[in-house]
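Notes to accompany the following structure.
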Amino acid sequence: MGIGTLAHTVGQLPLKQLTEKLSGRGVDFVQLALNKAISDIDTSIGKLSPALANHIGEQFHRAGLRIGVLGCYINPIHPDPQQRRHEINRFKEHLRYARDFGTSIVATETADLTTYLAHDAERYEQIGWSALKQTVEELAEEAERWGVFIGLEPVATHTLSSSEKMARILEEIPSSNLGVVFDPVNLLPFKAIDSQDAFLDQAFATFGDRIVLAHLKDIIVQNDRLEAVRSGQGIFQTKSFLTKLQQAKPGIDISLEQVSHDNLDATIQYVRTLME
């Protein structure tokens, strides 16, 4: 399994400096959020081209890295129709040029579950779901045109707030170009802290065949709440997760989160030890 991290883990930098700081760190790939990682190139909507995408991909390749996924974390249910259209168009642009960057995955989360709570306290979840489905249907059509994957990341506090909802969106939008970015810590409910294996087994049984990328971090209990930390610093059953992940999706990429420039090397070493 490949180990990677967010490209902006080492900061928002000029492209050459960015790739130099990531090179030789034991990183196999990066999750690249263009506007968060690259400071000297305008990658705002309308600026991308095959040549620019190739240039950026080549710089990472020369540094011994590949771009495993483009992070384009939009709000797919934004209440303002004009803003939602802007974000949809930005995501579509990423889909069109993904392969020129050297990847076939563009990832996003799905915005807060309570986005429409003030609008309608009784039907807010239904309204959010309807908006999400409409957006993802449109994005899936674009992904199919370009032969790339949309990586949807379920999060316990977002519109895709459970394994069951992740399965539901995959069923309601029957596109082979929809995949799952599985971050178990983001989806782990507080009540499952002491039954993590059962939680993981249920998740893998529900959508394991559709996972296109994994995220990895750890978790601690802080003031009766779950707080994310880097791998090896908490109570998440990382070894068990990696074993189940390898069985479900051999060789899949794993992107480390909650890491910094200073602790990236130690975290990579910790995770690689668990994978042996």
Side-chain angles (χ1 to χ4, degrees), residues 1-6 9 26-31 66 68-69 71 103-105 107-110 149-171 176-221 226-259 263-264 266-276:
M1 293 185 283
I3 295 181
T5 192
L6 299 165
T9 292
V27 175
D28 299 312
F29 73 95
V30 294
Q31 177 168 322
R66 59 186 167 83
V69 55
T103 186
S104 61
I105 308 169
T108 187
E109 294 175 353
T110 58
F149 291 96
I150 297 169
L152 293 176
E153 182 176 353
V155 179
T157 57
H158 289 186
T159 309
L160 289 182
S161 58
S162 66
S163 299
E164 291 78 13
K165 286 185 178 178
M166 187 68 246
R168 179 184 168 191
I169 200 76
L170 293 173
E171 181 179 351
S176 299
N177 295 70
L178 287 183
V180 181
V181 175
F182 185 28
D183 185 328
V185 165
N186 279 354
L187 204 54
L188 181 71
F190 192 90
K191 63 183 180 181
I193 293 173
D194 296 324
S195 56
Q196 292 182 37
D197 269 329
F199 159 75
L200 290 171
D201 287 341
Q202 189 265 342
F204 279 112
T206 302
F207 55 69
D209 61 326
R210 301 294 292 274
I211 297 172
V212 294
L213 177 74
H215 284 174
L216 186 62
K217 52 181 175 277
D218 215 322
I219 202 163
I220 60 174
V221 178
L226 298 181
E227 182 176 325
V229 294
R230 69 184 178 95
S231 288
Q233 305 298 302
I235 59 173
F236 180 63
Q237 296 176 6
T238 305
K239 175 68 172 178
S240 179
F241 170 66
L242 291 173
T243 299
K244 296 176 189 295
L245 182 65
Q246 174 65 13
Q247 291 171 347
K249 286 289 181 178
I252 198 165
D253 281 340
I254 305 168
S255 184
L256 304 181
E257 295 194 326
Q258 299 297 127
V259 292
N263 59 39
L264 177 60
T267 308
I268 290 174
Q269 184 177 3
Y270 168 75
V271 174
R272 288 202 186 279
T273 300
L274 294 182
M275 293 167 60
E276 293 176 353

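Keep in mind the model is a prediction, meaning the values are calculated, not measured. Just so you know, these numbers use all the heavy atoms, side chains as well, and skip hydrogens, waters and symmetry mates.
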Checking the side chain of [X] only, and the main-chain atoms of [Y] only, is there a donor and an acceptor separated by less than 3.5 Å?
| X | Y | answer |
| --- | --- | --- |
| Asn177 | Phe149 | no |
| Thr273 | Gln269 | yes |
| Arg272 | Thr267 | no |
| Arg210 | Leu178 | yes |
| Thr5 | Leu256 | yes |
| Ser240 | Gln237 | no |
| Thr159 | Thr110 | yes |
| Asp218 | Phe236 | yes |

What are the two closest non-hydrogen atoms of [X] and [Y], and how far apart are they?
| X | Y | result |
| --- | --- | --- |
| Pro184 | Leu200 | CB-CD2, 3.9 Å |
| Gly68 | Ile105 | O-CD1, 4.0 Å |
| Ile169 | Met166 | CG2-O, 3.2 Å |
| Ser161 | Ala156 | CB-O, 3.3 Å |
| Val181 | Pro154 | O-CD, 3.4 Å |
| Met275 | Leu242 | CG-CD1, 3.9 Å |

Applying side-chain contact (heavy atoms from CB on, under 4.5 Å), name anything that partners Ala192, two or more places apart in sequence or on another chain.
->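 Only Leu188, Pro189, Ser195, Phe199 meet the side-chain contact (heavy atoms from CB on, under 4.5 Å) criterion with Ala192.
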Let me see the working for Ile150 and Val212 under side chain to side chain contact (heavy atoms under 4.5 Å, CB included), right down to the final yes or no.
-> CA-CA 9 Å; Ile150 297 169; Val212 294; over 6 Å; no
Is it true that the side chains of Glu153 and Asn186 contain a donor and an acceptor less than 3.5 Å apart?
->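 The criterion, which ignores hydrogens and geometry beyond distance, is satisfied for Asn186 and Glu153.
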Under 3.5 Å side-chain donor-acceptor pair for Gln202 and Thr206 =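 Yes, side-chain donor-acceptor contact under 3.5 Å.
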Value rounded to 0.5 Å, distance of [atom1] in [X] from [atom2] in [Y]:
| X | Y | atom1 | atom2 | value |
| --- | --- | --- | --- | --- |
| Phe182 | Phe207 | CZ | CZ | 4.5 Å |
| Ile211 | Asp253 | CD1 | CG | 13.0 Å |
| Lys165 | Leu170 | NZ | CG | 14.5 Å |
| Leu213 | Phe29 | CG | CZ | 5.5 Å |
| Leu264 | Ile268 | CG | CD1 | 4.0 Å |
| Leu274 | Leu216 | CG | CG | 8.5 Å |

Begin with the C-alpha distance, continue with both residues' side-chain angles, and end with the deciding distance and a verdict on side chain to side chain contact (heavy atoms under 4.5 Å, CB included) for Val27 and Ile3.
-> CA-CA 6 Å; Val27 175; Ile3 295 181; over 6 Å; no
Hey, does Leu187 have a side-chain heavy atom less than 4.5 Å from the side chain of Val155?
->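 No. Closest side-chain heavy atoms not under 4.5 Å.
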Does Ile252 reach the side chain of Leu245, with side-chain heavy atoms less than 4.5 Å apart?
->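 Side chain of Ile252 against side chain of Leu245, heavy atoms only: contact under 4.5 Å found.
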Among Lys217, Arg230, Gln31, find the one that has a side chain to side chain donor-acceptor pair (under 3.5 Å) with Glu257.
->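 When Lys217, Arg230, Gln31 are each tested with Glu257, the side chain to side chain donor-acceptor pair (under 3.5 Å) holds only for Lys217.
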Please lay out, stage by stage, how Lys244 and Asp201 fare under the test salt bridge (Lys or Arg N to Asp or Glu O under 4.0 Å).
-> CA-CA 8 Å; Lys244 296 176 189 295; Asp201 287 341; 2.7 Å; yes
Determine, stepwise, if the pair Lys249 / Asp209 fulfils salt bridge (Lys or Arg N to Asp or Glu O under 4.0 Å).
-> CA-CA 7 Å; Lys249 286 289 181 178; Asp209 61 326; over 6 Å; no
Identified side-chain contact (heavy atoms from CB on, under 4.5 Å) counterpart of Ile235 within the set Leu226, Val229, Val221 =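 Of all the options given, the one that passes is Val221.
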Would Ser255 and Val69 count as a side chain to side chain contact (heavy atoms under 4.5 Å, CB included) if you check the C-alpha gap in whole Å, the side-chain angles of each, and the deciding distance to 0.1 Å?
-> CA-CA 10 Å; Ser255 184; Val69 55; 5.9 Å; no
Evaluate side chain to side chain contact (heavy atoms under 4.5 Å, CB included) for Leu152 paired with Val180, printing each intermediate quantity in order.
-> CA-CA 5 Å; Leu152 293 176; Val180 181; over 6 Å; no
